[in-house]
Amino acid sequence: MLQVNYIRENREKVLERLGARNFKQTEIIDQIIQLDEERKQSQTSLDNLSAIANSSAKQIGELMRTGNKEAADKLKAETTSNKEAIKSYGEQLAALEEKLFSLIVQVPNIPNELVKPGVGAEDNEEVYLHGEPAQLGEHALPHWELAAKYDIIDFELGVKITGAGFPVYKGKGAKLQRALINFFLDHATAQGYREMQVPHMVNEASGFGTGQLPDKEGQMYHAGVDNLYLIPTAEVPVTNLYRDVILKEDELPVKNTAYTPCFRREAGSYGAHVRGLNRLHQFDKVEVVQIVHPEKSYQVLEEMSSYVQSLLQELGLHYRVLRLCGGDMGFTSAMTYDMEVWSAAQQRWLEVSSVSNFETYQANRLKLRFKGNTGKTQLAHTLNGSALALPRIVASILENYQTDKGIKIPEALVKYTGFEYID
RNA sequence: GGAGAGAUGCCUGAGUGGCCGAAAGGAACAGUUUGCUAAACUGUCGUACUGGCAACGGUACCGAGGGUUCGAAUCCCUCUCUCUCCGCCA
């Protein structure tokens, strides 16, 4: 959520940059500025009346103590009308604040200057390309056929026990999953991230803190009885660890990592491109999260991007890095890099990571601040990235590393799997 | 699921109607002292909105929301959460 003061002081820039997102309801911005002005006036009036009431109450107390009951009663009578005014201003103020809040949560984050205007995926910028497409033979298979051929992932079995999009990993398939999780966590730890294990369900306040609620309500599984949400990403619990926290400047940067399963309803996204591991309702992911000083956040974004790329390089995958255009970025992000690996058999790119700087957008919702060495308290910047999401990595490994002898496990992963081939 | 207790500042914890934005201790920070470590002493030490160049003010906040009262951390109601015991159970 943006800060009202920022909007007020940078109206033109806000409108211009939101334009890069194709954000159309620009009148909201002026309504916010207007409402905030009214809010201030209302607040001031209320404060002044409260000050009078407080001082009257003190005087009455004093009069009572000194036994001057008559004067006390007189003053009491005078406070009655003031009381009503206070109540009325209080209600007015609450209504204004509620309205203001309902508007401000509708405004997405302001894209960074580097983010190009655009409406969708076709406007994203490719900023880096690594490697070459794997050259596969005549009989190359897509990963879902390889999964069936080697009996390592069973989609039908998942359908039976749960439903579509909940695969069962079997034998070496299951071991490959576990190997990747350990590989990713070990690398994150080596980069200075602290490994955390967090709940896989979160409450409403957490959902709001990172921006999933109220916006993407329908994308999360919700356990109605207890009003808890299954996490769509570890970002939610891991970032919310710092909700309502004021850190010391020396404690920055905070670097945490966690492996969790992720649950997404993916409502309305069925079709040709959801086959196999391409899009699931439950998948595994290792996430990295940082809380940093505002002046460092873009440098850290680049570091996180490089880190994610180093993982892809170690796995020997052909990938590209996109800087998302305004229209394709998430609601809460100021700048996002997507990493996509090449799926040789499907002949398409698959998103495996998304690294974002949220600047103060989440921090403002979370009330995540730090106290500067100068003594001033201000909002921190939050960032996160997938490092990495498993299913499409698995898809890419299966397809790109298929040989006549079976699936060759990437060199760097062998010490984690304990085997060199899936056959 | 049954019974009970509780929610106060970074922490412990006092506070049952006005002198309480809140005692005291601890932690932290700054300084003095000091051969070093430690200790001692002094000071600072919540957040938000708002007025002011500033100094310094105003208002709100003692889990949340209502109510009583001239006045509420303190009394009343509702809700939420936490803890303890019993039961069940990985």
Side-chain angles (χ1 to χ4, degrees), chain A residues 1-9 32-105 197 199-209 213 222-229 237 240-252 254 291 360 362-380:
Chain A
M1 164 167 91
L2 298 176
Q3 297 170 88
V4 180
N5 285 347
Y6 183 85
I7 294 177
R8 192 176 53 226
E9 287 158 23
I32 286 170
I33 294 172
Q34 172 65 27
L35 274 171
D36 186 51
E37 196 51 49
E38 290 173 32
R39 192 208 101 240
K40 271 193 191 176
Q41 285 172 16
S42 191
Q43 176 79 257
T44 303
S45 304
L46 178 63
D47 284 358
N48 290 339
L49 292 173
S50 299
I52 293 169
N54 286 344
S55 110
S56 299
K58 270 208 171 96
Q59 284 176 49
I60 291 168
E62 192 56 38
L63 291 169
M64 302 280 271
R65 204 170 306 108
T66 55
N68 196 344
K69 189 159 185 310
E70 202 176 304
D73 285 343
K74 187 158 171 274
L75 200 48
K76 270 192 208 182
E78 285 169 13
T79 58
T80 317
S81 63
N82 196 21
K83 244 181 114 176
E84 278 160 18
I86 287 175
K87 192 169 183 192
S88 133
Y89 272 110
E91 282 164 5
Q92 188 184 60
L93 184 63
L96 284 169
E97 282 175 343
E98 193 182 328
K99 178 78 178 141
L100 190 56
F101 180 78
S102 76
L103 289 179
I104 202 143
V105 295
Q197 280 203 14
H200 298 165
M201 300 184 95
V202 293
N203 56 29
E204 244 180 305
S206 295
F208 175 78
L213 295 175
H222 181 222
V225 243
D226 295 304
N227 195 24
L228 295 173
Y229 294 86
N240 271 280
L241 296 172
Y242 296 86
R243 172 153 48 83
D244 291 319
V245 167
I246 301 178
L247 294 158
K248 295 196 189 94
E249 186 165 346
D250 304 343
E251 292 174 304
L252 301 176
V254 171
I291 299 164
T360 58
Q362 290 183 331
N364 193 31
R365 292 173 158 236
L366 294 158
K367 299 205 195 322
L368 196 191
R369 291 159 291 177
F370 70 95
K371 191 177 277 251
N373 293 330
T374 52
K376 196 166 157 254
T377 301
Q378 58 177 313
L379 293 171

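Quick note on labels: first sequence line is chain A, next is B, and so on, each numbered from 1.
Nearest to the side chain of A:Ala57, among B:U47, B:C70, B:C49, sits B:C70. Distance from the side chain of A:Thr377 is smallest to B:U47 among B:C49, B:U47, B:G18. Distances from the side chain of A:Arg39 to the nucleotides B:C49, B:U47, B:C70 place B:C49 closest. Listed nucleotides B:A48, B:C49, B:G71 differ in distance to A:Gln43; the shortest reach to its side chain belongs to B:C49. Side chain of A:Ser50, nearest nucleotide from B:U47, B:A60, B:U50: B:A60.
Distance CG (A:Leu46) to C1' (B:A60): 9 Å, rounded to an integer number of Å. Rounded to an integer number of Å, the gap from CD1 of A:Ile86 to P of B:A72 is 10 Å. Rounded to an integer number of Å, the gap from A:Glu91 CD to B:G67 P is 8 Å. A straight line from CG of A:Asp244 to P of B:G46 spans 18 Å, rounded to a whole angstrom. When the P atom of B:C79 is taken as reference, atom CG of A:Asn227 falls 17 Å away, rounded to whole Å. Separating the CZ atom of A:Arg8 from the C1' atom of B:C49 is a distance of 11 Å, rounded to the nearest angstrom. In this structure, CG of A:Leu49 is placed 16 Å from P of B:G58, rounded to the nearest angstrom. For the pair A:Glu78 CD and B:G71 C1', the computed distance is 16 Å after rounding to whole Å.
Considering only side-chain N and O atoms, A:Lys371 lies under 4.0 angstrom from the phosphate OP1 or OP2 of B:U47. The phosphate of B:G58 (OP1 or OP2) has no side-chain N or O of A:Thr44 nearer than 4.0 angstrom. Proximity of A:Lys248 to the phosphate of B:C10: no side-chain N or O atom is located under 4.0 Å from OP1 or OP2.
Under the Watson-Crick or G-U wobble criterion, with both distances below 3.5 Å, B:A23 is left unpaired in every strand shown. Of the nucleotides present, B:C86 is the one that pairs with B:G1 by Watson-Crick or G-U wobble criteria, both distances under 3.5 Å. The partner of B:A14 is absent, by the rule that a Watson-Crick or G-U pair needs both atom distances under 3.5 Å. Within the shown strands, B:G6 is the pairing partner of B:C81 under the Watson-Crick or G-U definition, both distances less than 3.5 Å. Both distances falling under 3.5 Å, in either a Watson-Crick or a G-U wobble arrangement, occur for no nucleotide opposite B:G52. Nucleotide B:C36: unpaired (no Watson-Crick or G-U wobble partner with both distances less than 3.5 Å). B:C61 and B:G46 make up a base pair, with Watson-Crick or G-U wobble contacts both under 3.5 Å.
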For this session: With side-chain hydrogen bond (donor to acceptor under 3.5 Å, both in side chains) as the test, would you mind laying out the steps for A:Ser206 and A:Asn203 before giving the verdict?
Result: CA-CA 6 Å; A:Ser206 295; A:Asn203 56 29; 3.1 Å; yes

For this session: In sequence, state the C-alpha distance, the side-chain angles, and the governing distance for A:Leu100 and A:Ile104, and then conclude on side chain to side chain contact (heavy atoms under 4.5 Å, CB included).
Result: CA-CA 6 Å; A:Leu100 190 56; A:Ile104 202 143; 5.6 Å; no

Exercise. So A:Asp36 and A:Lys40, salt bridge (charged side-chain N to carboxylate O under 4.0 Å, His left out) or not? Walk me through it.
Worked result: CA-CA 6 Å; A:Asp36 186 51; A:Lys40 271 193 191 176; 5.0 Å; no

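The gap from the C1' atom of B:U47 to that of B:U8 amounts to 15 Å, rounded to the nearest Å. Nucleotides B:G21 and B:U74 have their P atoms positioned 13 Å apart, rounded to a whole Å. Here the separation of B:G25 from B:A40, taken at their P atoms, is 13 Å to the nearest Å. Across B:G63 and B:A5, the matching C1' atoms stand 16 Å from one another, rounded to whole Å. When the C1' atom is compared between B:G17 and B:C70, the two are found 12 Å apart, to the nearest whole Å. Here the separation of B:G66 from B:G13, taken at their C1' atoms, is 29 Å to the nearest Å. B:A3 and B:G87 have their P atoms separated by 16 Å, given to the nearest Å. Taking atom C1' in both B:A14 and B:A22, one finds a spacing of 10 Å when rounded to whole Å.
Of the two residues contacting RNA chain B, namely A:Gly61 and A:Asp36, the nearest-nucleotide position lying further toward the 5' end is that of A:Gly61. Each of A:Lys40 and A:Lys87 was assigned the nucleotide of RNA chain B with the nearest heavy atom; the assignment lying further toward the 5' end belongs to A:Lys40.
Although no hydrogens or angles enter the test, the distance criterion places no donor-acceptor pair under 3.5 Å between the side chain of A:Arg243 and the main chain of A:Gly209. A distance-only check finds no donor-acceptor pair linking the side chain of A:Ser42 to the backbone of A:Glu38 [under 3.5 Å]. In this structure, A:Glu98 contributes its side chain and A:Ala95 its backbone to no donor-acceptor pair below 3.5 Å. Side chain of A:Ser45 to main chain of A:Gln41: a donor-acceptor pair is present (N/O by atom type, distance under 3.5 Å, no hydrogens or angles).
Note on A:Asn54: only backbone sugar-phosphate atoms sit closer than 4.0 angstrom, heavy atoms only; bases stay farther off. A:Ile246 comes within 4.0 angstrom of the backbone, heavy atoms only, and of no base.
Just one of A:Val245, A:Leu241, A:Leu247 meets the side chain to side chain contact (heavy atoms under 4.5 Å, CB included) condition when paired with A:Ile291; it is A:Leu247.
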